Amino acid sequence: AVDDYEELLKYYDLYETIGAGGFAKVKLARHILTGEKVAIKIMDKATLGDDLPRVKMEIEAMKNLSHHHVCHLYHVIETANKIFMILEYCPGGELFDYIIAKDRLMEDEARVFFRQIVSAVAYVHSRGYAHRDLKPENLLIDEDQNLKLIDFGLCAKPKADIWSMGVLMYALLCGYLPFDDDNVMLLYRKIMRGKYEIPKWLSPDTIILLNQMLQVDPKKRITIKHLLNHQWLLQGYKCPVEWQSKYPLGYIDEDCITELSVFHKQSKQSMTNLVSEWNYDQTTATYLLLQSKKAQGKPVRLM
Ligand SMILES: CN(C)C[C@H]1CC[C@H](N2C(=O)N(C)Cc3cnc4ccc(-c5cc(Cl)c(O)c(Cl)c5)nc4c32)CC1
């Protein structure tokens with residue numbers, strides 16, 4: 001019903017649908033106060049049904065994640081019939097489509113992306129979460145060709161992510177999956193056997209790393225800690241993968257507080273207290289989008 005959109009339309013101008021996934025559609029929008037583009041994931045509570053707890057889990061997880069390679073959640077609006085998640089806009093779309101368009105990536109380009117994936121997953125694990133559904137469809141590309149992890153599932157043992165990253169790396173370098181079969185049982189058998197085709201273009205170092213991630217026995221699998229400074233990820237780089245967040249949760253930027261307090265005619269202290277509540281309401285969205293403008297070198301100004 002239209003009144004489900006009343007609150008949303010106070011703060012955002014809504015544009016076209018830019019994608020759909022499972023039980024949600026995603027629309028492009030613009031945050032009126034900052035002028036920044038956002039993606040709004042729209043879910044209907046009635047059709048969500050049993051998936052409602054999964055969405056609540058995704059929202060709670062994303063409220064605890066603030067990292068340059070994880071899609072940012074800015075604002076959550078829940079009405080009688082709808083749940084709106086206002087998210088960081090990623091104009092480059094899915095990594096999946098990028099790989100398909102290029103058939104497969106050369107090792108140097110795959111390494112740039114894979115270092116970002118390892119950075120995101122190491123951060124997510126450090127926060128006590130695991131993704132569970134790491135695949136090229138859940139990695140989006142932003143305007144600077146950086147990857148952003150999306151679509152957070154339920155918490156699972158982090159080990160579940162290492163094997164998935166092996167499949168992801170294989171997909172980046174080959175353009176197809178290491179284990180695939182239309183018949184689910186045959187696919188499962190291939191996965192449990194752990195044997196996969198090694199195309200001629202893969203380098204010896206690549207083959208070593210793939211084997212270490214795709215170990216069938218989780219105890220033999222490489223850990224995220226050893227992945228961060230693995231020989232293959234270091235090639236061409238001087239430093240191990242940086243996984244700490246550039247803007248950790250709870251960090252309050254002085255310039256953004258100043259602009260907010262001037263605009264709302266509030267003291268800096270009361271503005272700081274309000275932002276520090278992290279209610280994921282309009283205040284959180286405006287603060288985080290101002291912070292994003294600053295990180296992009298744009299003026300820290302409200303419209
Ligand atoms: C098949 N998938 C599992 C869903 C698909 C939905 C559209 C989306 N998209 C697109 O497909 N563009 C082509 C544009 C686009 C631009 N920015 C986006 C920003 C965030 C998200 C997003 C979507 C979902 Cl379902 C999330 O849970 C989160 Cl945390 C984030 N999707 C975006 C998005 C890509 C993924």
Side-chain angles (χ1 to χ4, degrees), residues 8 11-31 34-45 47-78 82-102 113 116-117 120-121 123-124 127 129-156 161 164 167-168 171 177 245 249 280 284-285 288-289 292-293 295-296:
L8 188 78
Y11 309 119
Y12 303 92
D13 290 332
L14 232 46
Y15 303 126
E16 73 277 12
T17 297
I18 50 178
F23 42 78
K25 74 178 165 190
V26 178
K27 281 182 173 292
L28 175 62
R30 187 181 291 281
H31 181 244
T34 58
E36 287 293 281
K37 283 182 182 168
V38 293
I40 302 187
K41 181 177 177 181
I42 303 170
M43 292 159 281
D44 184 278
K45 282 156 74 170
T47 49
L48 270 182
D50 302 346
D51 281 315
L52 189 60
R54 191 188 184 298
V55 170
K56 296 287 185 178
M57 185 63 230
E58 177 179 45
I59 291 170
E60 281 322 300
M62 294 191 82
K63 284 180 175 179
N64 288 303
L65 300 170
S66 170
H67 189 271
H68 41 294
H69 292 309
V70 174
C71 183
H72 266 106
L73 173 67
Y74 297 130
H75 192 171
V76 179
I77 298 176
E78 182 169 352
K82 301 279 182 186
I83 296 177
F84 302 98
M85 290 171 68
I86 291 84
L87 297 148
E88 181 176 2
Y89 175 57
C90 305
E94 297 178 3
L95 175 63
F96 179 85
D97 299 316
Y98 184 85
I99 299 170
I100 298 288
K102 300 191 84 167
F113 278 144
Q116 295 182 2
I117 295 165
V121 174
Y123 170 77
V124 169
R127 301 289 299 159
Y129 293 97
H131 190 278
R132 258 190 11 146
D133 201 9
L134 289 173
K135 55 187 180 181
E137 298 90 320
N138 284 341
L139 284 151
L140 301 187
I141 300 171
D142 73 5
E143 65 280 335
D144 304 319
Q145 285 282 54
N146 288 316
L147 291 185
K148 305 279 177 177
L149 183 55
I150 66 159
D151 213 346
F152 284 81
L154 307 177
C155 308
D161 283 340
S164 305
V167 173
L168 245 171
L177 295 169
S245 174
L249 280 162
Y280 282 84
T284 305
L288 288 176
L289 285 163
S292 165
K293 283 182 89 167
Q296 295 169 63

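For the numbers below, each heavy atom of this structure counts, side chains included, while hydrogens, waters and symmetry mates do not. Start at 1 and go down the list; that is how both ligands and their atoms are numbered. Owing to the predicted nature of the structure, the values given are computational and were not obtained by experimental measurement.
Looking at E94 against ligand 1, only its side chain comes within 4.0 Å, counting heavy atoms. When heavy-atom distances to ligand 1 are checked against a 4.0 Å cut-off, L28 has no atom that comes that close, whether in backbone or side chain. Looking at M62 against ligand 1, only its side chain comes within 4.0 Å, counting heavy atoms. Residue-level proximity to ligand 1 for I18 is carried by backbone and side chain together, each with a heavy atom below 4.0 angstrom. If you look at L73 next to ligand 1, there are no close heavy atoms at all, none under 4.0 Å.
For the pair Y11/I86, no side-chain contact is recorded, criterion being any heavy-atom separation below 4.5 Å from C-beta on. Using a 4.5 Å heavy-atom cutoff, the side chains of M62 and L87 are in contact.
Contact check on K41 versus E58 returns a salt bridge, with a Lys/Arg side-chain nitrogen under 4.0 Å from an Asp/Glu carboxylate oxygen.
The shortest N or O to N or O distance between K41 and ligand 1 is below 3.5 Å.
Scanning all protein heavy atoms for the shortest distance to atom 29 (Cl) of ligand 1 gives D151 N, 3.3 Å.
K148 pairs with exactly one of H69, H68, E88 by the side chain to side chain donor-acceptor pair (under 3.5 Å) rule, that one being E88.
By the 30° and 60° cut-offs, the orientation of the rings of Y12 relative to H31 is tilted.
Closest approach of Q116 and L147 over heavy atoms only: OE1-N, 2.7 Å.
For atom 22 (C) of ligand 1, the choice among D97, L149, I150 with the nearest heavy atom turns out to be I150.
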